[in-house]
> 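Below is the structure I would like to discuss, written out as structure tokens.
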Amino acid sequence: MEPLHDALRHHGDVEATAGLVDLAVNVYDEARPAWLDESLRGSLDDVGRYPDATGAQQALAIRHGRDPDEVLPTAGAAEAFGLLARLRPWRHPVVVHPQFTEPDVALTQAGHPPDHVLLRAEDGFALDPRHVPDDADLVVVGNPTNPTGVLHPAAAIRALARPGRLVVVDEAFIDFVPGEQESLAARDSEKAPPGLVIVRSLTKLWSIPGVRAGYVLAAPDVARDLRAGQAPWSVSTTASAAMQATATGQAREEQERRAARTTTARQVLVDGLTARGIETVPSRAPFVLARVGDGVHARLRATGWAVRRADTFPGLGPDWVRISVRAPAVTQRLLDALG
Ligand SMILES: Cc1ncc(COP(=O)(O)O)c(C=O)c1O
């Protein structure tokens, strides 16, 4: 096995150390809805039995207008990347970077180190499907992408489809985009080409990184083969409860409220950075990639602020940082510190 690169295993949580204001972890910053907490607590009544994710699978199928056999609940999106990496003996896997690095690590661990297609700052980190090699049998792309925040048009992602290729779209942050614009989660036989695999996460929007709840939407044969690679009972009773609780109409309303609040709060951050002459990448995610300059990350830490270093992402250097969108009052204090 290739040695793992420490840089690719670096995540925002290790930067948010005690005593620093956390703008490194992109977990939504308001309290969880009471109905979600009730459901999480209620799940404890059932933990004396082995978990069964069938109820979650059915609820998610209804939420996305898919058949239950197209839905695979997972222990977070992270489990899905491992399952996908081990799904086939990939000949030419490609990860579109800069993006979340766990798919890369999972592929390397599985013995299939991926090629990188690097999107460029000069192009606004836009996805050009022509840059992906024709013979790639697996392509992984984030939408919106962590850490750039760029939301790729669904058409650009559809254009990646090829016979015999799986296109994995990491939609872990798309629930922050109002109306889930550009999502390919809903099945639409005309628009969604075969081979699309959508990975979703409940972690960020619902502030439950400790629960480990995510899922995959894919063609029935792909979902079946992924399921075959899963450890038994990997989705806990509590994770299943979270999936069911957040698949309701009530949850959709709360999701849209959170997405709208994030959009407004992000503008405060972007306007403040721009006013200070700091370049930002237009973001549709709950974070902003900003070119603050080399050394600023460390200086912010020294003054009590944790922002996510970006030099561990392929294609980015030490002049970039990723800043989480927070309540405007918190953002204002960060802007003052930057000033
Ligand atoms: C883009 C992206 N995808 C997936 C994940 C993993 O999500 P989960 O907590 O569901 O494993 C993260 C976590 O940081 C992420 O940033």
> Assess whether a salt bridge exists between R120 and D123, defined as any Lys/Arg side-chain N lying under 4.0 Å from an Asp/Glu carboxylate O.
yes
> Give the ring-plane orientation class for F81 versus F100, where under 30° counts as parallel, over 60° as perpendicular and anything between as tilted.
tilted
> Any side-chain hydrogen bond (donor to acceptor under 3.5 Å, both in side chains) involving residues 238-248? Give me the pairs, sequence neighbours left out, ordered by first then second residue.
S43-T238
> Will you find, in the side chains of Q255 and R258, an N or O donor that is under 3.5 Å from an N or O acceptor?
no
> Indicate whether the side chain of H297 and that of D311 have a donor and an acceptor atom separated by less than 3.5 Å.
no
> Identify, with sequence neighbours excluded, every residue that meets side chain to side chain donor-acceptor pair (under 3.5 Å) alongside R162.
D134
> Could you list all the ring-ring contact (aromatic ring centres under 6.0 Å, His included) pairs where at least one residue sits in residues 16-63, not counting sequence neighbours?
W35-W206, Y50-W233
> Taking atom types as modelled and ignoring hydrogens, do the side chains of R301 and T17 form a donor-acceptor contact shorter than 3.5 angstrom?
yes
> When you measure from the side chain of N143 to the backbone of H152, do you find a donor-acceptor pair of N or O atoms at a distance under 3.5 Å?
yes
> Going by an N to O cut-off under 4.0 Å, is there a salt bridge joining E254 and R257?
yes
> Which pairs count as salt bridge (charged side-chain N to carboxylate O under 4.0 Å, His left out) when at least one residue sits in residues 70-86, sequence neighbours excluded?
R66-E70, E70-R187
> Could you tell me whether R165 and D137 make a salt bridge, using a distance below 4.0 angstrom between a side-chain N and a carboxylate O?
no
> Check whether W90 reaches the backbone of L84 with its side chain - one donor and one acceptor, N or O, closer than 3.5 Å.
yes
> Is any NZ, NE, NH1 or NH2 atom of the basic residue among R252 and D175 found under 4.0 Å from an Asp or Glu carboxylate oxygen of the other?
no
> Do the ring centers of H64 and Y215 come within less than 6.0 Å of each other?
yes
> Any side-chain heavy atom of V150 sitting closer than 4.5 Å to one from V281?
yes
> What about the rings of F287 and F173, do their centers lie closer together than 6.0 Å?
yes
> In chain order, what residues pass the salt bridge (charged side-chain N to carboxylate O under 4.0 Å, His left out) check against D225, with sequence neighbours excluded?
none
> Does this structure show an ion pair linking E102 with R9, if we count only N-O contacts that are shorter than 4.0 Å?
yes
> Between R49 and D46, is there a side-chain N and carboxylate O pair less than 4.0 Å apart?
yes
> What's in the same ILVMFWY side-chain cluster as V177, cut-off under 4.5 Å, chained through other members?
L151, I174
